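Here is how names work: the chains are called A, B, and so on, in the same order as the sequence lines, proteins then strands, and each is numbered from 1. Fair warning: this is a prediction, and the values are worked out from it, not measured in the lab.
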Amino acid sequence: MSNQVNARKLIALACIWAVLLLVPYWMPPLGGYTALGTRVLVLGLAAMSVNFLLGFTGVLSFGHAAYFGLGAYGAGLSLKFLAPSTSISLLMGMLLGGLAGALLGTLIVRRRGVYFAMVTIAFGQVFYYIAFQWSSLTGGDDGLRGFSRQPLDFGLFSIDILSNTNNFYYFVLFCFALVVAVMGFILRSPFGRTMLAIRENERRARFLGIPVERHIWIAFTLSCFFMGFAGALYALLNNFADPKGLHFSQSGDFVMMAVMGGMRSFWGPLLGAAVFVILQDYLSSITVNWMSFVGLLFVIVVLFFPRGLLGVVRRKLVS
Amino acid sequence: MLQLLLFNVTNGLIIGAFYVLMALGLSLILNLSNVINFAHGGFLVVGGYIAYTITPYVGFWGALLIAPPLTAAIGLLVERVLIRPLYGRDPLYSLLLTFGLAFIFEDGTRFIWGAQGKPVTVPAFLAQPLSNEFFFITGYRLFMVATVAVAVTLLFVLLRYTRLGIRIRAGTLDLETVSALGVNVGLLRSLNFAAGIYLAGLSGVLAAGQLGLEPTMGAGLLMPSFIAIIVGGIGSLTGTLLGGLLIGVASGITAVFLPAASEAIMYVLMAVVLLIRPRGLLGEEGMMT
């Protein structure tokens with residue numbers, strides 16, 4: 001029985017990676033473009049980072065766009081002022097998002113439930129206002145411009161990821177795989193199991209002597225680091241960072257992706273991100289009122305598919 | 001200098017009063033039903049636009065009387081159809097749903113009334129400054145504060161002395177017991193929600209007279225109300241009242257010395273409160289979750 005389940009899991013995993021690896025080959029013929037695939041990957045990574053906290057620790061952060069946006073600004077500023085290096089910019093973006101999360105996390109974990117969500121939203125907006133107001137550094141409302149991703153330099157040879165979109169896709173896929181592996185590793189570790197215990201029954205976990213607050217803080221901080229990394233990739237993708245990436249409506253989009261895909265599963269948010277990004281891309285090309293449709297999508301998913309797409313599939317498989 | 005400070009403190013108090021009105025509605029719904037109503041700003045905008053539409057027929061005073069109940073009726077409909085199925089579930093879902101609703105409201109108002117800002121004319125005698133010396137206190141601003149004061153007093157009287165109010169307060173503490181005592185909890189939640197949206201509609205009419213109307217204004221006004229609730233303490237309406245006034249005055253004073261930070265000061269205030277008193281100024285000990 002468990003062998004069968006394991007085999008099924010392995011096959012699913014192989015399928016996911018095969019689909020992701022072959023994106024540049026199947027996406028354009030279907031009417032998409034490779035950059036759309038890159039977008040899905042980056043936003044999917046962000047949604048998975050949100051879900052690391054939401055789905056596996058059970059606390060709802062509705063302000064994660066802040067750390068995503070900080071990652072983007074960190075990468076952009078690093079490329080613009082510090083060093084013309086893609087890898088350093090990724091590192092700086094991740095550090096900026098993660099450290100800000102670690103710092104604010106100490107305040108945020110003092111609350112639980114609905115109020116956790118409220119505090120995260122409110123704190124998330126701080127960075128939006130800073131990016132908006134500090135226009136001499138961030139470019140204000142117009143966003144941060146004047147930087148572009150740099151070729152990957154390996155000494156002997158270098159890879160052009162700026163003009164070759166396929167190369168850039170594979171670079172992002174490599175980064176994605178790296179972070180996802182770390183995430184999976186953490187979730188399998190004793191620490192990850194403790195996160196699940198807190199999600200299932202916080203009081204019991206506390207009685208077992210688990211320092212719940214510290215665990216939630218660590219999970220929050222880790223997810224902010226992942227988020228900052230995703231944000232840095234997003235800045236490299238667009239060669240641009242703007243305050244909208246920090247706004248709470250962006251956080252809502254991430255949570256939506258996670259819920260729509262299925263927040264109790266590891267890969268759900270990626271599926272959610274794919275559906276969300278492609279739908280948004282399509283809707284905004286056919287109607288100016290696409291916001292209403294996105295809003296309607298929220299309402300429909302919440303009312304009729306609260307378990308998300310993977311949840312529906314799983315239920316079908318069981319019955 | 002002194003006059004500038006006075007100007008900004010008064011200004012802050014007026015803005016604070018406005019935040020209070022909005023935050024109280026949000027707080028009512030949050031306390032009883034555990035729903036973070038993200039669409040609160042959307043309801044505010046809808047209230048404002050309803051006032052704008054009916055002003056030519058019934059005048060400003062008529063709009064002030066009619067628009068809030070109409071908004072509350074829309075709120076009641078939304079609660080009955082969309083939010084009610086979510087009560088037993090994780091608060092995440094009602095949050096996401098109202099988040100989507102906020103999108104629909106913003107886009108809908110843009111579709112119906114256009115993206116261009118719309119002015120709402122207030123009666124001429126309200127638009128005059130009171131005196132030359134205190135040029136910044138127009139009649140309308142005083143009128144705003146007076147309206148908020150009346151509305152808040154009425155709300156507190158309602159909660160304190162009427163049967164409905166007592167049930168709402170009891171439900172905030174323990175909804176299950178209230179239900180077991182034979183109170184129709186569904187109806188209670190609906191009325192409470194409608195009351196919250198009524199306050200949003202009233203804020204909308206008041207805001208329309210002061211700021212004019214734009215489809216996007218709701219989202220910007222929502223965040224200060226959140227902060228007012230967190231600073232004031234969860235579960236305490238008096239706390240919300242205090243929190244709203246406090247952040248209003250704080251941002252007013254900051255505007256004198258460091259205009260760029262007048263928005264950020266609210267967040268600093270919130271951080272400080274969470275650091276030294278996590279349950280908020282008047283929050284109750286048991287209300288940690």
Intermediate values then yes/no, side-chain contact (heavy atoms from CB on, under 4.5 Å), A/Phe123 and B/Leu274 = CA-CA 11 Å; A/Phe123 272 128; B/Leu274 280 175; 3.6 Å; yes
Checking side-chain contact (heavy atoms from CB on, under 4.5 Å) for the pair A/Gln125/B/Glu263: CA distance, chi angles, key distance, verdict?
-> CA-CA 10 Å; A/Gln125 283 302 91; B/Glu263 196 93 42; over 6 Å; no
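The side-chain contact (heavy atoms from CB on, under 4.5 Å) test with A/Met118 is passed by exactly one of B/Ile36, B/Ile227, B/Leu95: B/Ile36.
Counting heavy-atom pairs under 4.5 Å between each of A/Val126, A/Asn289, A/Val299 and chain B puts A/Asn289 at the top. Highest contact tally toward chain B, considering only A/Ile121, A/Leu104, A/Ile108, A/Ile130, is held by A/Ile121 [criterion: heavy-atom pairs under 4.5 Å]. Among the candidates A/Val119, A/Val294, A/Thr106, A/Leu297, the residue making the largest number of heavy-atom pairs closer than 4.5 Å to chain B is A/Val119.
Heavy atoms of B/Leu275 lying under 4.5 Å from chain A belong to its backbone as well as its side chain. For B/Leu86, the part lying near chain A is the side chain, with the backbone staying farther off; criterion is any non-hydrogen pair under 4.5 Å. A/Val301 does not touch chain B: none of its heavy atoms, backbone or side chain, sits under 4.5 Å away. Heavy atoms closer than 4.5 Å to chain A are found nowhere in B/Ala264, neither backbone nor side chain. Residue contact with chain B, scored on non-hydrogen atoms closer than 4.5 Å, involves the backbone of A/Trp290 exclusively. Heavy atoms of A/Ser249 lying under 4.5 Å from chain B belong to its backbone as well as its side chain. Looking at B/Phe38, the atoms closer than 4.5 Å to chain A (heavy atoms on both sides) all sit in the side chain, from C-beta outward.
We find the CG-CD1 distance between A/Leu296 and B/Ile104 to be 5.0 Å, quoted to the nearest 0.5 Å.
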Can you give each donor-acceptor pair under 3.5 Å made by side-chain atoms of residues 48-64 of chain A, sequence neighbours left out, with the distance rounded to 0.1 Å?
| unit_1 | atom_1 | unit_2 | atom_2 | d |
| --- | --- | --- | --- | --- |
| A/Ser49 | OG | A/Leu45 | O | 2.8 |
| A/Asn51 | OD1 | A/Gly55 | N | 3.4 |
| A/Asn51 | ND2 | A/Met263 | O | 3.1 |
| A/Asn51 | ND2 | A/Ser265 | O | 3.4 |
| A/Thr57 | OG1 | A/Phe52 | O | 3.3 |
| A/Ser61 | OG | A/Gly63 | N | 3.4 |
| A/Ser61 | OG | A/His64 | ND1 | 2.6 |
| A/His64 | NE2 | A/Ser223 | OG | 2.6 |

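The nearest pair of heavy atoms linking A/Ala122 to B/Met223 is CA-SD, 4.0 Å. Summarising the geometry of B/Gly108 relative to A/Ser292, their closest heavy-atom pair is N-OG, 4.4 Å, with the distance given to 0.1 Å. Minimum interatomic distance between A/Val302 and B/Arg89 (heavy atoms only, all atoms of both residues): O-NH1, 3.3 Å.
A 6.0 Å sphere centred on CZ of B/Arg169 holds more than 12 heavy atoms belonging to other residues, nucleotides or ligands. Enclosure of atom CZ in A/Phe293 is not indicated, since only 12 or fewer non-hydrogen atoms of other residues, nucleotides or ligands lie within 6.0 angstrom. Taking a 6.0 Å sphere around CZ of B/Phe111, one finds it holds 12 or fewer heavy atoms contributed by other residues, nucleotides or ligands.
A donor-acceptor pair under 3.5 Å links the side-chain atoms of B/Tyr93 to the main chain of A/Pro306, judged by distance alone.
Taking the six-membered ring where the residue is Trp, B/Phe103 and A/Phe298 present perpendicular rings, their angle passing 60° and hence far from 30°.
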